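Each chain gets a letter, A, B and so on, in the order its sequence line appears, and its residues count up from 1. Just so we're clear, the structure is a prediction, and the values are computed from it rather than from any experiment.
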Amino acid sequence: EDKVVQSPLSLVVHEGDTVTLNCSYEVTNFRSLLWYKQEKKAPTFLFMLTSSGIEKKSGRLSSILDKKELFSILNITATQTGDSAVYLCAVDGSGGSNYKLTFGKGTLLTVNP
Amino acid sequence: NAGVMQNPRHLVRRRGQEARLRCSPMKGHSHVYWYRQLPEEGLKFMVYLQKENIIDESGMPKERFSAEFPKEGPSILRIQQVVRGDSAAYFCASSPRNPAGELFFGEGSRLTVL
């Protein structure tokens with residue numbers, strides 16, 4: 001069975017701090033890894049990673065994938081209170097359809113003013 | 001452009017009753033996916049539907065659960081004879097095509113079974 005493990009499960013920081021969220025996975029038929037942000041509502045898409053070593057960046061958020069070591073990290077620099085959310089990591093083990101995702105339990109990030 | 005709409009947002013049922021959860025995909029999206037999030041667990045894939053077709057139901061429990069996406073109207077996830085273990089958040093997602101790429105999620109329906 002495919003498995004995704006995220007760490008830490010929760011994290012509390014102050015505004016301006018930089019955080020790194022981790023995601024490791026075991027998938028038999030890996031195609032891609034995705035990050036979502038969930039703010040008590042619908043999970044919203046952040047990144048999709050398919051190739052090792054290529055950083056994806058969007059504003060203060062960035063992510064990279066290591067397919068050899070089977071993990072990904074999500075970095076958030078200069079955190080703001082609006083970054084407070086659950087960050088979900090998911091892998092597509094269905095051979096590329098990107099719908100049969102296996103999710104981790106998420107990392108709850110709290111950014112205090 | 002309205003997002004994925006799910007209703008009800010909260011549903012309370014007693015053991016043995018039926019639960020019906022509805023999902024209207026984003027405009028222009030014809031692919032619908034249901035996921036379930038049990039307490040303290042990650043989201044788990046249940047079923048993938050297109051209009052009038054079930055494409056992949058490999059994540060659906062074998063009994064009591066069914067899903068449909070009729071030609072007209074929303075997709076419906078139906079749970080018959082609910083048990084306490086069905087208490088969870090049920091998320092619907094949609095995409096304009098498959099391979100899906102980014103999935104667009106709804107806000108979820110939280111089912112509580114008393």
* Asked: Looking at B/R13 and B/D86, does any basic side-chain N land under 4.0 Å from a carboxylate oxygen?
  -> no

* To do: Assess the side chains of A/Y25 and A/T102: does a donor N or O sit below 3.5 Å from an acceptor N or O?
  => no

* Looking at residues at least two apart in the chain, or sitting in another chain, which of them share a side-chain hydrogen bond (donor to acceptor under 3.5 Å, both in side chains) with B/N7? -> B/R22

* Please state whether the side chain, the backbone, both or neither of A/Q6 comes within less than 4.5 Å of a heavy atom of chain B. => neither

* Asked: Hey, does A/F30 have a side-chain heavy atom less than 4.5 Å from the side chain of A/L65?
  -> yes

* Structure fact -> By residue number, those in residues 57-81 of chain B with heavy atoms under 4.5 Å from heavy atoms of chain A are B/S58

* Interface residues of residues 105-114 of chain B facing chain A - heavy atom cut-off under 4.5 Å -> B/F105, B/G106, B/E107

* Validation row: B/F91, B/V4 side chains within 4.5 angstrom (heavy atoms) -> no

* Is there side-chain contact between A/L109 and A/I76, with at least one heavy-atom pair below 4.5 Å? -> yes

* Is there side-chain contact between B/Y33 and B/D56, with heavy atoms separated by less than 4.5 Å? -> no

* Report, as yes or no, whether the 6.0 Å neighbourhood of atom NZ on A/K3 holds more than 12 heavy atoms from other residues, nucleotides or ligands. => no

* Exercise: identify the closest heavy-atom pair between A/N22 and A/I73 -> OD1-CG2, 3.5 Å

* Kindly state whether the ring of B/H31 and the ring of A/Y99 have centres lying under 6.0 angstrom apart. => no

* To do: Indicate yes or no: at least one non-hydrogen side-chain atom of A/L9 is less than 4.5 angstrom from one of A/L108.
  => no

* **Side chains of B/W34 and B/C23 in contact at under 4.5 Å (non-hydrogen atoms)** => yes

* Do A/L61 and A/W35 touch side chain to side chain, with heavy atoms closer than 4.5 Å? -> no

* Asked: Is it the backbone or the side chain of B/Y35 that comes under 4.5 Å from a heavy atom of chain A, or both, or neither?
  -> side chain

* To do: Side-chain contact test, heavy atoms from C-beta onward, threshold under 4.5 Å: evaluate it for A/V4 versus A/C23 and give yes or no.
  => yes

* So which part of A/L88 gets closer than 4.5 Å to some heavy atom of chain B, the side chain, the backbone, both or neither? -> side chain

* Asked: In residues 40-48 of chain B, which residues are in contact with chain A at a heavy-atom separation under 4.5 Å?
  -> B/E40, B/E41, B/G42, B/L43, B/F45, B/Y48

